[in-house]
Amino acid sequence: MQDACVFGYTTADMSKERILIVGGGFGGVKAALELANNNHFTVTLLSDQPNLRYYPTLYHTATGGRRANSTIPLDELFKGKDITIAQGKAAMLDRKAKTITTDDGRAFLFDTLIISLGVVTNYFGIEGLDTYSYGIKSAEEAGRLKAHLHQQLIDDHKPDLNYVIIGAGPTGIELAGALPGYLQHIMKRHGVEPRKVHIDLIEALPRLLPRLPSDTSRMVKRRLKRLGVKLYLGQAVQSQSADELTINGKPVRSHTVIWTAGVTNHPFFKNNDFTLTKRGKVSVDAYLQAEDNIFVLGDNANTPYSGMAQTAIVDGDFHIIPLMKLEDPAQRATILPAMKEVDELVLKYKGSLSGEHNDGLVRGPWLEQMYGKEVLELFRQAKHIMDPDGIFNPHKKADADWDYSFGHIRDHF
Ligand SMILES: Cc1cc2nc3c(=O)[nH]c(=O)nc-3n(C[C@H](O)[C@H](O)[C@H](O)COP(=O)(O)OP(=O)(O)OC[C@H]3O[C@@H](n4cnc5c(N)ncnc54)[C@H](O)[C@@H]3O)c2cc1C
């Protein structure tokens, strides 16, 4: 190794297989938890954040919920485990030297590399959105939106003319469901004269929740209308400026535009010459190997259910772990074909929506569609889904859902 400082390994550790996991999200954390405390490995988890982000509750963090409800410190998740946690932004892969270098120039050596970097926001090149819109893809973004809402209502005593949410996927509709109540709550609490607020939900496709069955879309549509949310389906956003949004050629005045409509694969892979599919995902074999000794998991990998948390967790568990626990890389090569049944397991885990849907907007219909009445009934019985002491037993259906509540997430890992 030349010209690279080595982080995370002592001299004694150099005799062990060095596993570097990049990305402290669902896939990376699951793989790290499974591989830590194994005498044959030295495991380092490199992530740009000190926390695991629990995405489904971010809309709640933006609308009054605590920030702590959407993040879990990695130190807490790995307490007592034999693993090095490093914070840094992976930028460059050197295949020959077997290093990952961070944007501040630190190099991390590996024998085996596992990458699970998640996706990034995609504005599809629409002018102004990156500058003027709000997002809810991280606790920081959710916090920024919340601060903006408070500033308008509490400091300026003035609600926006229109609150515009773009994207009627799960995140957009959850936010649209929570926002009217939250705005009224802030006004009441801070003595702002109550006013009617306009919340617009815009979707380029002809129906909301386009990836879910159409009767689910209809139910959610009715519910949102009852909440006073105006739906604009089949409408394309063209640009945004500081004061307005242009939709299908028409201007809409707003200082609060929230973009939930698009994500794309992490640029790390393109920048480092991985083989990508047409939709920009990394080509992997059935065992999630992109190249020799380089595994790619979760949202980054081109697998049938990539894009769901459950898939990332399953990737970090069933796909990788049996292989890694063989310890001898040569032995791994011979065992790969015997792991076919793992694929079937993954296909079973389609994932589900999660988070605290206290108005029952999404979770009910979606879960019923996915898992039938029995699982739905379990949710109905759970009086306080966020209460870790609630009646729900996460182990009972651990294989049917990725998480039932924030309070139970640790049990899933
Ligand atoms: C708002 C929202 C709601 C969602 N709701 C659901 C749901 O209800 N059900 C469901 O199944 N799925 C849901 N998802 C999708 C789910 O969260 C993802 O599929 C899952 O997180 C993918 O796991 P991952 O490990 O691939 O990526 P992530 O969990 O995103 O983890 C990627 C990690 O890599 C880190 N990272 C990024 N860049 C770098 C870098 N350069 N160097 C080092 N570290 C880096 C990130 O900080 C992050 O910790 C939701 C997603 C969002 C955004």
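Being a predicted model, the structure only gives us computed values, none of them experimental. Note that ligands are numbered from 1 as they come in the structure, with each ligand's atoms numbered from 1 the same way. Note that these values count all heavy atoms, side chains included, but never hydrogens, waters or copies made by symmetry.
Tyr182 and His150 have tilted rings, their planes meeting at an angle from 30° to 60° on a 0 to 90° scale. Relative orientation of the His266 and Phe268 rings is perpendicular, given thresholds of 30° and 60° on the angle between their planes.
Geometrically, Arg95 engages Phe274 in a cation-pi contact defined by less than 6.0 Å to the ring centre and at most 45° from the axis.
Residue contacts with ligand 1 for Thr171 involve side-chain atoms from C-beta outward but no N, CA, C or O (heavy atoms, distance under 4.0 Å). Of the heavy atoms in Ser116, both backbone and side-chain atoms come closer than 4.0 Å to ligand 1.
Counting heavy-atom neighbours within 6.0 Å of Lys221 NZ, excluding the residue itself, gives a total of 12 or less. Heavy-atom neighbours of Lys137 NZ from other residues, nucleotides or ligands within 6.0 Å: above the threshold of 12.
In this structure a side-chain-to-backbone donor-acceptor pair under 3.5 Å is missing from Thr63 to Leu179. Although no hydrogens or angles enter the test, the distance criterion places a donor-acceptor pair under 3.5 Å between the side chain of Asn162 and the main chain of Arg253.
Close approach of ligand 1 to Gly298 (heavy-atom distance below 4.0 Å) involves ligand atoms 26 (O). Remark: ligand 1 atoms within the under-4.0 Å shell around heavy atoms of Ser47 are 35 (C), 43 (C), 44 (N), 49 (O). Close contacts of ligand 1 with Gly118, meaning ligand atoms under 4.0 Å from a residue heavy atom, involve 27 (O), 30 (O), 32 (C). Atoms of ligand 1 found under 4.0 Å from any heavy atom of Gln49 (numbered from 1 in listed order, with element): 47 (O). Each of the atoms 33 (C), 34 (O), 49 (O) of ligand 1 lies under 4.0 Å from some heavy atom of Gly24.
For atom 40 (C) of ligand 1, the nearest non-hydrogen atom from the set Ala90, Ala86, Ala31 comes from Ala90. The closest non-hydrogen atom to atom 18 (C) of ligand 1, taken over Val120, Asp299, Asn51, Leu45, comes from Asp299. Considering each of Asp48, Val29, Val22, Leu52, the one bringing a non-hydrogen atom nearest atom 36 (N) of ligand 1 is Asp48.
For a threshold of 3.5 Å applied to N or O pairs, the pair formed by Leu297 and ligand 1 contains no separation below that value. No N or O atom of Val119 sits closer than 3.5 Å to an N or O atom of ligand 1. Of the N or O atoms in Lys137, none lie within a sub-3.5 Å distance of an N or O in ligand 1. Between Ala312 and ligand 1, no N or O atom pair is found at a separation short of 3.5 Å. Considering backbone and side-chain atoms together, Lys89 places no N or O closer than 3.5 Å to any N or O of ligand 1.
For His198 and Tyr163, the ring centers are positioned 6.0 Å apart or more.
The pair Asp111-Arg18 meets the salt-bridge criterion, with a side-chain N (NZ, NE, NH1 or NH2) lying under 4.0 Å from an Asp/Glu carboxylate O. Salt bridge absent: Glu140 and Arg144 never bring a charged side-chain N and a carboxylate O closer than 4.0 Å.
Ligand 1 has at least one atom lying under 4.0 Å from a heavy atom of Gly88. For Leu117, the heavy-atom gap to ligand 1 drops under 4.0 angstrom.
Side-chain atoms of Asp299 and Asn265 include no donor-acceptor pair closer than 3.5 Å.
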